[in-house]
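Per chain, numbering begins at 1; letters A, B, ... match sequence-line order.
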2 protein chains.
Amino acid sequence: MNAISETLRELGDLLRQARLAAGLTQEQVADLAGISRPRYRDIETGIAAARATTLMNVSRALGLEMMLVPQAMVPAVRALMRPRDDDDLPAFVSQPD
Amino acid sequence: MNAISETLRELGDLLRQARLAAGLTQEQVADLAGISRPRYRDIETGIAAARATTLMNVSRALGLEMMLVPQAMVPAVRALMRPRDDDDLPAFVSQPD
DNA sequence: TGAATGAGATATGTAAACGTATCATGATTT
DNA sequence: AAATCATGATACGTTTACATATCTCATTCA
């Protein structure tokens, strides 16, 4: 009964991508974000949902910023982030439940 | 010893703005997001830090989406959201600690 | 006038996000 | 081969985000 929400897994994957792209270890990110390594690991693997404030700190440590954008502009924002059509870069938007 | 982080207050303010703009009551947003009213109230007043997943659900209930964008593109994204220079609309970016 | 509504607030209990400590494993390096 | 180093994983204790229940206080409205 512990489904490990798909959303959390996606978010974790994004963080991992960003971390590797930044050439940082889990421990370094954890330190920068002010949390423990086991904690960061759980977040990155999608096992646990961080607090909003923790996610902000982690994101910032990875060169990302958490933003709340009107749903209608999500496509435009995404387009902004991948100039050359095909992606793989940041920009996280979770799927509805 | 309960400082009520400035970041949380700002986030709460944004949620309140969005809620009022959407013409919803605290209880309606709480229901849509799947949390209790007292809980949503705490989030909106900045007393408590929601979980990342809760923030996603609340945001979605308000017509917003949580996104993680590269820090370098934050200005561009913000510009996208306020076509007419002066703001007051969504787009949340917290201040560093 | 008084009933309903929206919001602030407090109390108690539970689930889960946190910390610290510790061990295992696979890859790299000396 | 031995020693790092990065990561996965588990255990236990603390803090806090959550639910539910209940009370108050304006405001609105029949």
Side-chain angles (χ1 to χ4, degrees), chain A residues 1-64 66 68 92 94 96-97, chain B residues 1-64 66 68 92 94 96-97:
Chain A
M1 354 142 120
N2 205 344
I4 284 197
S5 138
E6 187 59 23
T7 298
L8 286 185
R9 229 187 38 65
E10 285 170 26
L11 175 57
D13 285 347
L14 172 69
L15 295 179
R16 161 159 298 200
Q17 266 182 255
R19 178 176 63 82
L20 296 178
L24 297 171
T25 68
Q26 292 181 342
E27 190 160 24
Q28 287 173 322
V29 175
D31 286 349
L32 288 169
I35 61 176
S36 65
R37 186 180 71 85
R39 264 292 73 204
Y40 176 73
R41 179 194 151 273
D42 287 349
I43 295 168
E44 200 182 83
T45 55
I47 289 177
R51 289 181 202 148
T53 47
T54 297
L55 181 56
M56 288 180 208
N57 291 333
V58 167
S59 300
R60 199 167 291 129
L62 293 171
L64 302 172
M66 198 196 81
L68 297 183
F92 174 76
S94 57
D97 302 334
Chain B
M1 332 151 135
N2 206 344
I4 286 198
S5 135
E6 187 59 23
T7 297
L8 287 185
R9 229 187 38 66
E10 285 170 24
L11 176 56
D13 284 348
L14 172 68
L15 295 179
R16 160 159 299 199
Q17 267 182 253
R19 178 176 64 81
L20 296 177
L24 297 171
T25 68
Q26 291 182 341
E27 190 160 24
Q28 286 173 323
V29 175
D31 286 348
L32 287 170
I35 61 176
S36 65
R37 186 181 72 86
R39 260 303 62 208
Y40 176 71
R41 179 193 153 273
D42 286 349
I43 295 169
E44 202 181 81
T45 57
I47 289 177
R51 288 179 202 151
T53 47
T54 297
L55 180 57
M56 288 181 208
N57 292 333
V58 166
S59 300
R60 198 167 293 128
L62 293 171
L64 302 173
M66 197 195 81
L68 297 183
F92 174 75
S94 57
D97 302 334

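Here D/dA9 presents its C1' atom at 17 Å from OH of A/Tyr40, a figure rounded to the nearest Å. Here C/dA16 presents its P atom at 14 Å from CZ of B/Arg39, a figure rounded to the nearest Å. Protein atom CD1 of B/Ile43 is 12 Å distant from nucleotide atom C1' of D/dT16, rounded to whole Å. Atom CE of B/Met56 is separated from atom P of D/dC18 by 12 Å (rounded to the nearest Å). Atom CZ in B/Arg41 sits roughly 13 Å away from atom C1' in D/dC23 (whole-Å rounding). The nearest whole Å value for the distance from the CG atom in B/Asp31 to the P atom in D/dA19 is 10 Å. Atom C1' of nucleotide D/dA21 and atom CD of B/Glu27 are separated by 13 Å, given to the nearest angstrom. For the pair B/Gln26 CD and D/dC18 C1', the interatomic distance rounds to 16 Å; values are reported in whole Å.
OP1 or OP2 of D/dC18 lies within a sub-4.0 Å distance of a side-chain N or O belonging to B/Thr54. OP1 or OP2 of C/dA7 sits under 4.0 Å from a side-chain N or O of B/Arg19. When the side-chain nitrogen and oxygen atoms of B/Gln28 are compared with OP1 and OP2 of C/dG6, none of them lie within a distance under 4.0 Å.
Salt-bridge check for A/Glu6 with A/Arg9: passed, with a basic side-chain N closer than 4.0 Å to an acidic carboxylate O. A salt bridge links A/Arg39 to A/Asp42: at least one charged side-chain nitrogen sits closer than 4.0 Å to a carboxylate oxygen.
The two atoms that bring B/Gly23 and B/Gln28 nearest to each other are O-OE1, 4.1 Å, heavy atoms only. A/Ile43 approaches A/Ala50 most closely through the heavy-atom pair CD1-CB, 3.5 Å.
On a pure distance criterion of 3.5 Å, a polar donor-acceptor pair joins the side chain of B/Arg37 and the base of C/dG8.
Both B/Arg51 and A/Pro38 lie close to DNA chain D; mapped to their nearest nucleotides by heavy-atom distance, the more 5′-ward contact belongs to A/Pro38.
Closest contact between the side chain of A/Thr25 and the listed nucleotides D/dT7, C/dC18, D/dA17 involves D/dT7.
Looking only at distances, a side-chain donor or acceptor of B/Arg19 sits under 3.5 Å from a matching main-chain atom of B/Leu24.
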